[in-house]
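Predicted model, so just to flag it, every value in this text is computed and none were measured. Per chain, numbering begins at 1; letters A, B, ... match sequence-line order.
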Amino acid sequence: MKPYYITTAIDYSNGDPHVGHALEKVGADALARWHRLRGEPVRFIMGMDENAQKVIQAAEAAGRTPAEWLDAMSERFDATWRRLECSHDDWIRTTEPRHVRGVTALIEAIRARNPDDLYVGEYEGLYCVGCEEFKSESQIRDGRCIEHPSRDLIPTRERNTFFRLSRWRDPVLAAIRSGAFRVEPAIRRNEVLRVLEDGLQDISISRGRLPWGIPFPGAADQTVYVWFDALINYLSVTGYPDAGYDGLWPADLHVIGKGITRFHCIVWPAMLLAAGVPLPHMVWAHGYVQWGGAKVSKSEGTSVSIDSAIARHGPDALRWFLLREIGFENDGDFSFERFDARYDGDLANGLGNLVARVTAMIEKYWNGVVPAGPAPAEPLDAAGDRCLAEYTAAMDAIDLKGGAAAISQLVSEANGYIVATAPWALAKAGEDARLDFVLGPLARCLLRLSVMASPFMPAKAQAMWTALGQERSPEGAWRVAQQPDVAGARIAKPENLFPKPATS
RNA sequence: GGCUGGGUAGCUCAGCUGGUUAGAGCACGGCACUCAUAAUGCCGGGGUCGCGGGUUCGAGUCCCGCCCCAGCUACCA
């Protein structure tokens, strides 16, 4: 069975990773875990974009060689995502030989299959010496570079290799319209369709003046334009062009930020079509994390570090906040006020308190061992079925906010059930049969919640799972979510899952 | 300027192809309970559904105009 192959955008390292990057990683990770949960084989990939032209300057500024500097950045990013419990199976860096091979092979495949798609032409543009790059219209104000208004822009010509992107407009358009290549959510698809309908210009895909990058096949004095190279990481990580790469390719899902939609939804499919490689099934472009309503930006002091967010309430809570509050579609705001509110409400008073009260009652009234009990027939079992159905539908639709909401809904149902049945009153009255009847559904509900929470909060879900006397982990335990059974399990009240800080 | 979305309770948002008194969560007020992390449950106050026209027996829900916000407007990773 071909694995569900999911990717995130490879990171371009121009500073420390921040919560904006983190949303994409934990969202993709939750999706990867969701597919694993249901027993599918999954291949989940992240990596680094290392052929950017600023690498050399950045390395110099840090007093390192480019290779040293890149190693350090790669390590830092990878370690950060691991701290956030990301479960990627591979980490591709575009300076690796396997990627250089993949890029070379794809360009040669285009040349072999569609020779006219690659041609030498003149690129003419305004070059900013300060930035050391060509500037587009949107980067120019009053005829000057926005970043370096004191310097003159120099009209410059360069002989480059061009990719005949224009030729692939209709095929890409058709692929999107037919659903063979899905662009989601709809707002992004509309955006892409509009651009396609307006027509495409060819793009230059080699650069002559850059000493850092992948040599352009057949033009040794040039390097591959960094975007053209970067996109190919999704393919080179599969082993392309070696036989068997199609055991993984085509990708099921590329998770990206909305800012790079065009490259992924226009240029990338055109490249693949030109090379005769199948298109990925879907691109999902998420929104951005904002800070006080403004785009997260290091230079404007509007970023929040991942370290400080993790220090606040831990990695699971950060994942929960990002996916529950901000979600994976629209932009959303990060603030410590909202983070605290979600932590206190959803996690400490919600899920955590529910686990505490139920496990405490099971210890107190059952001595921690769940009796066989009656079949699942209580209202709470039915509520669990409903919430699970909502959860499933949301997760399949990549509606992570909705999936998380279904978890909170079930927590709320369980709390309502507890008050309605008042197990403590049953215990006092010595109504043991009824007490068993009431605690059974609650234990089953917790087991379900553990499984449902596992894509969002892997460590906390594991802690719940263990507290319920289960072996191994909730990963892959989808059947348990559907038909929870805890009869005979030895349950122990865990440490507070989500302790409240004394100061807040 | 063009294009695409959006403007619904203090805040974040649901409201599908038009149809009973416009909903949820959070926040706020009151009541109840004690198994639980002073946690939980119930009840309640609160909205001219951006503005102005129109179609219709009937419009947040369709049409026209206007105002405001966001994104995109392509060789920036």
Side-chain angles (χ1 to χ4, degrees), chain A residues 9-14 49-55 123 125 131 133-139 146-147 160 162-163 165 185-207 225-228 230 257-263 266-267 285 287-288 290 293 295 324-327 330-333 337-338 341-342 344-365 401-402 405 408-409 411-412 414-428 438-439 442 493 495-502:
Chain A
I10 51 177
D11 295 307
Y12 163 64
S13 53
N14 61 351
D49 179 8
E50 305 191 326
N51 292 319
Q53 53 195 302
K54 290 177 182 118
V55 163
Y123 178 75
C131 301
E133 64 189 27
F134 288 99
K135 309 306 287 189
S136 64
E137 226 172 275
S138 59
Q139 298 169 301
I146 294 171
E147 313 267 329
N160 288 326
F162 278 70
F163 173 56
L165 182 64
I187 181 172
R188 307 273 83 98
R189 181 170 58 247
N190 289 340
E191 218 175 277
V192 168
L193 288 173
R194 276 292 307 153
V195 174
L196 287 167
E197 284 158 7
D198 281 355
L200 299 174
Q201 286 177 18
D202 295 345
I203 55 171
S204 75
I205 59 168
S206 71
R207 291 291 183 273
Y225 169 50
V226 64
W227 256 111
F228 206 79
K258 65 181 184 179
I260 54 176
T261 306
R262 283 157 187 252
F263 289 102
I266 296 174
V267 179
Y288 289 148
Q290 304 191 319
K295 187 171 173 176
R324 174 68 185 91
E325 173 92 1
I326 293 172
N330 300 120
D331 293 355
D333 229 39
E337 288 74 17
R338 295 299 307 155
R342 281 288 175 196
D344 290 348
D346 294 352
L347 301 180
N349 297 348
L351 183 60
N353 183 241
L354 177 68
V355 170
R357 66 196 307 207
V358 171
T359 51
M361 286 191 283
I362 288 173
E363 284 195 331
K364 191 175 291 187
Y365 305 140
K401 197 191 266 194
S408 289
Q409 178 61 36
V411 169
S412 176
N415 277 324
Y417 180 80
I418 291 173
V419 172
T421 55
W424 50 89
L426 297 173
K428 269 183 200 152
V438 156
L439 290 185
L442 284 167
K493 184 178 176 182
E495 290 293 300
N496 272 5
L497 278 182
F498 303 100
K500 285 191 186 173

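Glycosidic conformation, B:rG60: syn, with the torsion inside 90° of 0.
Checked for salt-bridge contact, A:Glu363 and A:Lys493 miss the test: no charged N lies under 4.0 Å from a carboxylate O. Using a 4.0 Å cut-off between charged side-chain N and carboxylate O, A:Glu191 and A:Arg194 make no salt bridge.
No contact: A:Gly327 has no heavy atom under 4.0 Å from any strand. When heavy atoms are screened at a 4.0 angstrom cut-off, A:Gly345 is found touching no nucleic acid atom at all. At the heavy-atom level, A:Gln201 lies under 4.0 Å from base atoms of the strands shown. Among the protein residues, A:Gly287 comes within range of no part of the nucleic acid, since none of its heavy atoms lies under 4.0 Å from any strand. Note on A:Leu165: nothing from the nucleic acid sits closer than 4.0 angstrom, heavy atoms only. Within the nucleic acid shown, A:Arg324 has no heavy atom closer than 4.0 Å to any nucleic acid atom. The residue A:Phe228 sits apart from the nucleic acid: no heavy atom pair falls under 4.0 Å. Using a 4.0 Å heavy-atom distance criterion, A:Ile260 is classed as a base contact. A:Asn190 comes within 4.0 angstrom of sugar-phosphate atoms only, judged by non-hydrogen atoms across all strands, and of no base.
Here, B:rC49 and B:rG6 have their C1' atoms 14 Å apart, quoted to the whole Å.
Applying the 3.5 Å distance criterion, the base of B:rC35 shares a donor-acceptor pair with the side chain of A:Arg357.
With contacts defined as side-chain heavy-atom distances shorter than 4.5 Å, the pair A:Ile326/A:Gln290 does not qualify. Between A:Trp227 and A:Ile260, some side-chain heavy-atom pair lies under the 4.5 Å cut-off.
When both distances must be under 3.5 Å, the Watson-Crick or G-U wobble mate of B:rU21 does not exist. Searching all strands for a Watson-Crick or G-U wobble partner of B:rC31 with both distances below 3.5 Å returns B:rG41. B:rA74 is unpaired under the criterion used here, namely a Watson-Crick or G-U wobble arrangement in which both key atom distances are under 3.5 Å. In this entry B:rA59 has no Watson-Crick or G-U wobble partner, no candidate having both defining distances under 3.5 Å. Across all strands shown, B:rC66 forms a Watson-Crick or G-U wobble pair, both distances under 3.5 Å, with B:rG50.
Screening A:Asp202, A:Ile205, A:Ile203 for a side-chain contact (heavy atoms from CB on, under 4.5 Å) with A:Phe162, the sole residue that qualifies is A:Asp202.
If you measure from atom CH2 of A:Trp227 to atom P of B:rC75, you get 13 Å, rounded to the nearest angstrom. Spacing between atom CH2 of A:Trp424 and atom P of B:rU34 amounts to 7 Å, rounded to whole angstrom units. One can place CD of A:Gln290 at 14 Å from C1' of B:rU12, the figure rounded to the nearest angstrom.
In this structure, the nucleotide among B:rC35, B:rG5, B:rC72 sitting nearest to the side chain of A:Met361 is B:rC35. Which of B:rC26, B:rU37, B:rC35 sits closest to the side chain of A:Leu497 comes down to B:rU37. Comparing atom distances between the A:Arg188 side chain and each of B:rC3, B:rG71, B:rA36 picks out B:rG71 as nearest. Of the candidates B:rU37, B:rU40, B:rG41, B:rG41 carries the atom nearest the A:Ser412 side chain, counting heavy atoms from C-beta on. The side chain of A:Lys258 approaches B:rG71 more closely than any other nucleotide in the set B:rG71, B:rA39, B:rA36. Closest approach to the A:Asn349 side chain among B:rC75, B:rA39, B:rC72 is made by B:rA39 (side chain taken as heavy atoms from C-beta onward). Out of B:rC75, B:rU40, B:rC3, the shortest distance to the side chain of A:Asn353 is found at B:rU40. The side chain of A:Arg262 approaches B:rC72 more closely than any other nucleotide in the set B:rU40, B:rA36, B:rC72. Closest approach to the A:Ala356 side chain among B:rA36, B:rC75, B:rG41 is made by B:rA36 (side chain taken as heavy atoms from C-beta onward).
Residue A:Glu495 qualifies as open at atom CD: its count of foreign heavy atoms under 6.0 Å is 12 or below.
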Item to check | From CA spacing to verdict: side chain to side chain contact (heavy atoms under 4.5 Å, CB included), A:Arg357, A:Leu442 | outcome: CA-CA 10 Å; A:Arg357 66 196 307 207; A:Leu442 284 167; over 6 Å; no

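The phosphate of B:rC35 (OP1 or OP2) has no side-chain N or O of A:Lys493 nearer than 4.0 angstrom. Applying the 4.0 Å criterion to OP1 and OP2 of B:rU12, one finds that A:Lys401 has every side-chain N and O outside that range.
Across the interface with RNA chain B, nearest-nucleotide mapping of A:Gln409 and A:Ala360 shows A:Gln409 to be the residue nearer the 5′ end. Residues A:Asp346 and A:Leu200 both approach RNA chain B. Their nearest nucleotides, taken by heavy-atom distance, put A:Asp346 toward the 5′ side.
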